[in-house]
Amino acid sequence: MVLPGFSRRRVLEAGAALGAAAPLIPTLTLRGEQPWAPNRADPPDAAEGHSYRFFTTAEAAFVEAACERIIPEDEHGPGAVKAGVPFFIDRQLDGPYGRGERWYMRGPWAKGSESQGWQSRHGPAGLYRAVIAAIDRRMRQDFRGRAFHDLRGDDQDEVLKRLEAGRLDLGGVEGKLFFETFLQNVFEGFWADPLYGGNRDMAGWKLIGFPGARYNRSDWVSRFNEPYPHPPVALVGRPDWNRS
Amino acid sequence: MARQKPVDVVFIGAGLTMSIMANELTDAGLNVLALERGAWQDTSTDWSTAYDQDELRYMWRHALFEDLSRSTLTFRNDPSQTALPMRKLGSFLPGTGVGGSAIHWNGQIWRSLPADFRMRSHNLERYGASAIAEDMTIQDWPVSYEELEPYYDKFEYVFGISGKAGNLQGQIQPGGNPFEGPRRREFPNPPMTMSYAPTLFGKAAAELGHHPFPAPSANMSQAYTNPLGVKMGPCTYCGYCEKFACGNYSKAVPQTTILPALMSKANFTLKTGCEVLKINLDSERRRATGVTYVDASGQEVFQPAEIVVLSAFILNNVRLLLLSGIGQPYDIRTGQGVIGKNYAYQIMSEVNVFFEDKLTNPFLGAGALGVAVDDFNGDNFDHSGKGFIGGGYICLWTTGARPIETHPTPPGTPKWGAEWKKSVAHWYSRAVSIQCHGGVTSRRTNFLDLDPTYKDALGRPLLRMTFDFPENDKRMSAFLTDRAAEIARAMGATHVHPKGPQIPYSIVPYQTTHNTGGAIMGDDPRTSAVNRYLQSWDVSNLFVTGATTFPQNPGYNPSGTLSALAYWCADAIRSQYVKSPGPLVRA
């Protein structure tokens with residue numbers, strides 16, 4: 001039996017049109033063989049373009065400055081900004097993750113204990129928008145009109161540490177939850193496959209010596225205490241491979 | 001409502017236990033249908049090695065896991081709290097689609113100990129009544145290790161498990177686990193090629209007088225053709241097992257072991273995109289008439305069947321029993337009822353180990369590549385005076401150290417910033433982690449029921465989970481962590497960093513997908529939902545599979561035992577039930 005030629009994304013869109021009550025998976029009856037069709041695949045969606053789609057100018061300025069405090073450039077290699085982490089986060093917030101599409105986002109809403117996890121009405125995108133705006137307001141109050149990105153590095157770290165500890169008064173906005181999410185997103189942006197816009201030139205993988213998408217490591221399993229010599233590989237190849 | 005033609009057997013959920021049982025029952029000539037709410041998926045199309053190794057997509061954006069926007073559960077630590085929705089995945093990662101959670105497992109595969117099957121009686125006999133805490137509701141299993149042994153064996157050969165036997169028909173074998181129950185023959189495949197850090201762990205553990213062995217693995221140590229004629233390839237140690245599907249045909253999952261044989265049969269039908277809403281009962285509510293499902297058009301359909309098998313993963317299984325009104329729901333106030341009772345989990349801790357002088361290269365890994373010691377599992381050691389029963393295994397696994405998830409730094413290092421960056425650059429390839437995989441006992445206040453407030457996308461009540469680690473298991477976990485730290489120090493590590501479980505239990509950090517209980521097996525219908533053949537006491541043509549039947553959770557990953565039970569259940573259906581439908585056990 002040959003599967004219909006539609007892509008999974010189009011199936012999901014069609015299902016969404018039927019409303020939340022209908023399952024989004026096609027109903028197929030399979031008997032006698034396993035379905036297969038040539039050239040069908042489900043490759044990832046690469047980040048496209050160069051300019052921000054989600055971040056406002058003010059948000060981008062905050063995110064770029066904050067990212068670079070989390071992972072600064074140093075003698076070991078690029079920091080978060082050069083590695084494309086802000087761009088990665090922008091594209092993530094602009095997509096299904098930012099919208100919390102695979103999360104349960106129905107009410108009623110209550111605060112919850114630490115064990116009960118995320119209870120914010122916001123998905124990630126909404127949380128970034130709300131909290132960064134609140135941080136900006138806080139900065140202008142505490143630092144006489146200056147924005148986060150205008151501060152000295154030490155002061156920026158101090159702000160981030162207070163945010164991390166839940167000690168930055170943002171008038172009820174969820175600063176601690178934002179920082180946890182932001183930190184996680186920075187690590188994702190630094191170490192995810194470069195096709196998502198971060199980990200530019202595999203800078204994150206090169207920093208730690210991670211082989212990336214290499215699939216056959218069997219020759220090295222029993223070589224004890226030897227440096228692994230092969231450079232990392234990404235899902236869409238390695239820059240060195242592009243020779244003119 | 002549309003009505004389909006009757007079938008002999010309908011399975012709810014097309015995962016691991018369906019694959020096992022449907023293959024057996026179709027061999028016996030039965031006409032079998034499996035209904036799966038998710039999609040068909042397969043190695044060549046969906047898990048290609050061209051894009052399978054994508055930590056963001058699979059681990060963090062949950063591409064293979066359940067979509068919580070359609071259905072989730074609510075959670076609280078104890079009955080005095082209000083349960084709130086698990087809005088995003090964390091602690092456990094239920095699957096969806098054909099193959100279910102078995103697609104994205106690591107492949108760590110165990111048999112329970114003989115004494116595990118008699119946890120209550122055994123501990124009473126050895127340690128007396130004081131060993132069993134007042135609120136501990138552990139029970140003996142109504143089946144023994146000896147009865148299940150042939151079914152463990154059958155499963156291990158279908159799944160091509162790589163390992164070294166420790167007990168062959170009562171004879172202890174060097175190089176294997178001396179504590180395991182007797183097995184009739186060796187593993188079908190030899191142990192995997194062992195990586196560096198587990199080798200160091202094994203050496204240190206042996207020096208301390210423990211009994212290390214290569215952990216049994218469902219990653220193929222060599223090319224293998226199983227008894228069904230299905231072929232798997234040798235593992236390439238790519239380190240993308242857990243949370244990922246294997247693109248290499250070298251991890252045993254339903255698609256690489258059973259489905260090629262099952263799907264070719266004329267008497268087996270699989271329908272995807274069909275979500276079962278309930279199990280239908282006759283007017284006396286003693287017999288299932290079939291199931292009602294909704295398909296992609298939104299239409300409700302009735303599917304009549306002679307036998308219904310509820311094989312939808314523990315959380316969905318319990319919810320469907322409650323939504324269908326089958327069995328008496330557990331009532332925390334009275335202690336009566338069985339559906340939802342004895343929910344349990346796994347208590348996990350770890351010791352992070354750092355070597356200034358050794359390159360551990362933790363990315364050379366596979367899901368079940370490790371060296372373990374079982375000296376502190378079950379009742380393998382004298383618990384006198386320790387204040388707890390039960391235990392767990394300690395294993396140094398090298399499963400791939402994908403960096404978003406795994407970027408350890410020694411204790412005292414800041415969590416981000418300039419100093420952190422230098423530290424992670426230095427230590428990533430010099431660090432590994434020893435895992436303590438502890439069992440969880442059942443407790444009166446750990447249970448599942450229906451939430452009074454929150455609903456799924458179809459407007460039905462969500463499952464409510466009430467759970468925290470029992471005191472017994474917290475003490476056991478601390479003991480296990482100390483033993484692991486001793487081994488770490490004996491390895492000559494530069495830094496040893498023990499990390500206990502988050503207390504109280506939190507739904508946030510990933511731990512395991514080893515949820516158990518809620519429709520437990522037993523020999524008394526007042527304290528169990530199914531009998532020793534996984535047959536419902538209330539509805540004799542209904543069988544319930546999976547870890548939901550575990551009375552409590554031993555200190556092992558559950559897939560081996562639940563798979564053996566699936567073979568055992570299928571055998572009971574084909575050799576007993578079909579010949580004489582009705583209750584297989586007198587209550």
Side-chain angles (χ1 to χ4, degrees), chain A residues 18 20-23 25-36 40-44 69-72 74 76 97 101-105 108 110 112 114-119 157 183 187-188 191-193 196 207-211 213 215-218 220-222 224-228 235, chain B residues 37-40 42 45-46 48-49 51 53-57 60-62 67-69 72 75 77 84-85 87-88 90 193 195-196 236-238 263-264 266 269-275 295-296 298 358-359 361 363-364 403-404 416-418 421 424-425 428-429 457-458 504-508:
Chain A
L18 291 171
I25 310 293
T27 292
L28 302 175
T29 300
L30 307 173
R31 187 185 299 120
E33 58 182 326
Q34 299 178 93
W36 180 81
R40 257 187 69 90
D42 190 20
R69 296 317 300 172
I70 304 294
I71 309 183
D74 67 2
H76 293 292
Y97 165 73
E101 278 181 12
R102 291 177 72 84
W103 294 11
Y104 181 88
M105 297 305 269
E114 210 180 297
S115 303
Q116 292 174 309
W118 190 291
Q119 297 300 329
D157 285 349
L183 189 66
F187 292 147
E188 289 171 351
W191 280 312
D193 191 281
Y196 294 106
L207 178 75
I208 58 175
F210 180 70
Y215 217 71
N216 192 340
R217 306 175 191 183
S218 41
W220 283 85
V221 177
S222 46
F224 293 172
N225 204 19
E226 292 183 42
Y228 182 78
L235 292 178
Chain B
R37 69 182 173 181
W40 170 260
D42 199 4
T45 303
D46 301 280
S48 164
T49 58
Y51 50 79
Q53 50 282 47
D54 183 341
E55 190 190 355
L56 183 76
R57 182 181 187 187
W60 300 104
R61 299 294 177 261
H62 305 153
D67 178 355
L68 298 189
S69 70
T72 183
F75 167 74
N77 281 125
L84 296 178
R87 298 185 177 281
K88 59 180 187 141
T193 306
S195 48
Y196 184 33
T236 58
Y237 303 80
C238 75
M263 298 289 289
S264 67
T269 306
L270 170 61
K271 282 191 175 161
T272 60
C274 292
E275 175 149 18
D295 67 17
K358 293 179 176 54
L359 289 172
N361 293 342
F363 46 82
L364 302 172
I404 302 171
W416 49 269
K421 186 185 180 193
V424 78
Y428 170 81
S429 278
L458 298 171
Y505 166 71
S506 166
I507 208 94
V508 177

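Chain identifiers are assigned alphabetically (A, B, ...) following the order of the sequence lines, protein sequences preceding nucleic acid strands; residue numbering begins at 1 within each chain.
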Self-check item: Gap separating the CG atom of Asp42(B) from the CZ atom of Arg40(A), nearest 0.5 angstrom
Solution: 11.0 Å

Quiz item: When rounded to the nearest 0.5 angstrom, what distance separates CG in Leu28(A) from NZ in Lys271(B)?
Solution: 11.0 Å

Exercise. Determine the option with the most heavy-atom pairs under 4.5 angstrom with chain B, choosing from Ala110(A), Gly32(A), Ala192(A).
Key: Gly32(A)

Practice problem: Report yes if some heavy atom in the side chain of Gln119(A) is under 4.5 Å from a heavy atom in the side chain of Pro85(B); otherwise report no. | Solution: yes

Self-check item: Residue part contacting chain A, namely of Phe75(B), when any heavy atom lies under 4.5 Å
Solution: both

Exercise. Go through Ala418(B), Gly90(B), Ser195(B), Pro504(B) and name the one with the most non-hydrogen pairs under 4.5 angstrom from chain A.
Key: Ser195(B)

Quiz item: Pick from Asp54(B), Leu364(B), Thr272(B), Val424(B): which one has the most heavy-atom pairs with chain A under 4.5 Å?
Solution: Thr272(B)

Quiz item: Okay, side chain of Thr27(A), backbone of Ala296(B): is any donor-acceptor separation there less than 3.5 Å?
Solution: yes

Self-check item: Smallest separation among heavy atoms of Lys421(B) and Asp74(A), with atom names
Solution: NZ-OD1, 2.9 Å

Self-check item: Which atom of Ala425(B) lies closest to which atom of Ile208(A), heavy atoms considered
Solution: CA-CG2, 4.3 Å

Self-check item: When Ser222(A), Gly117(A), Ala41(A) are compared by non-hydrogen pairs under 4.5 Å with chain B, the top option
Solution: Ala41(A)

Quiz item: Can you name the closest pair of heavy atoms from Arg87(B) and Trp118(A) and give their distance?
Solution: CD-O, 3.2 Å

Practice problem: Can you tell which part of Ser48(B) gets under 4.5 Å to a heavy atom of chain A, answering side chain, backbone, both or neither? | Solution: neither

Quiz prompt | Separation between CZ of Phe224(A) and CG of Asn361(B), rounded to the nearest 0.5 Å | solution = 11.0 Å

Self-check item: Region of Tyr215(A) that comes under 4.5 Å of a non-hydrogen atom in chain B
Solution: both

Quiz item: What closest approach, in Å, do Phe187(A) and Ile404(B) show between heavy atoms, and which atom pair accounts for it?
Solution: O-CG1, 3.9 Å

Practice problem: Under the side-chain contact (heavy atoms from CB on, under 4.5 Å) rule, what do Thr29(A) and Thr269(B) come out as? Steps first, then yes or no, please. | Solution: CA-CA 7 Å; Thr29(A) 300; Thr269(B) 306; 3.7 Å; yes

Quiz item: Hey, which of Asn77(B), Leu84(B), Ile507(B), Val508(B) is the one that makes side chain to side chain contact (heavy atoms under 4.5 Å, CB included) with Ser115(A)?
Solution: Asn77(B)

Quiz item: Between the side chains of Asp193(A) and Tyr51(B), is a donor N or O closer than 3.5 angstrom to an acceptor N or O?
Solution: no

Exercise. Dump the intermediate steps for side-chain contact (heavy atoms from CB on, under 4.5 Å) on Tyr228(A) and Leu359(B), then the final yes or no.
Key: CA-CA 9 Å; Tyr228(A) 182 78; Leu359(B) 289 172; over 6 Å; no

Quiz item: For Ile25(A) and Trp40(B), what are the C-alpha separation, side-chain angles and deciding distance, and is it a side-chain contact (heavy atoms from CB on, under 4.5 Å)?
Solution: CA-CA 9 Å; Ile25(A) 310 293; Trp40(B) 170 260; over 6 Å; no

Quiz prompt | Closest heavy-atom pair and its distance - Pro35(A), Met263(B) | solution = CD-CE, 4.4 Å

Quiz item: Nearest 0.5 Å, what's the CZ-SG distance between Arg217(A) and Cys238(B)?
Solution: 6.5 Å

Quiz item: Which region of Ala266(B), side chain (C-beta onward) or backbone (N, CA, C, O), has a non-hydrogen atom less than 4.5 Å from a non-hydrogen atom of chain A, or is it both or neither?
Solution: backbone

Quiz prompt | Non-hydrogen atoms of Pro72(A) and Gly417(B) that approach each other most closely | solution = CD-C, 3.8 Å

Exercise. Report the C-alpha separation of Leu235(A) and Arg57(B) in whole Å, then their side-chain angles, then the decisive distance to 0.1 Å, and conclude whether the side-chain contact (heavy atoms from CB on, under 4.5 Å) test is met.
Key: CA-CA 12 Å; Leu235(A) 292 178; Arg57(B) 182 181 187 187; over 6 Å; no

Practice problem: With a 4.5 Å cut-off on heavy-atom pairs, point out which of Met105(A), Glu114(A), His76(A), Arg102(A) contacts chain B the most. | Solution: Arg102(A)

Quiz item: How many angstroms lie between CD in Glu55(B) and CZ in Phe210(A), if you round to the nearest 0.5 Å?
Solution: 6.5 Å

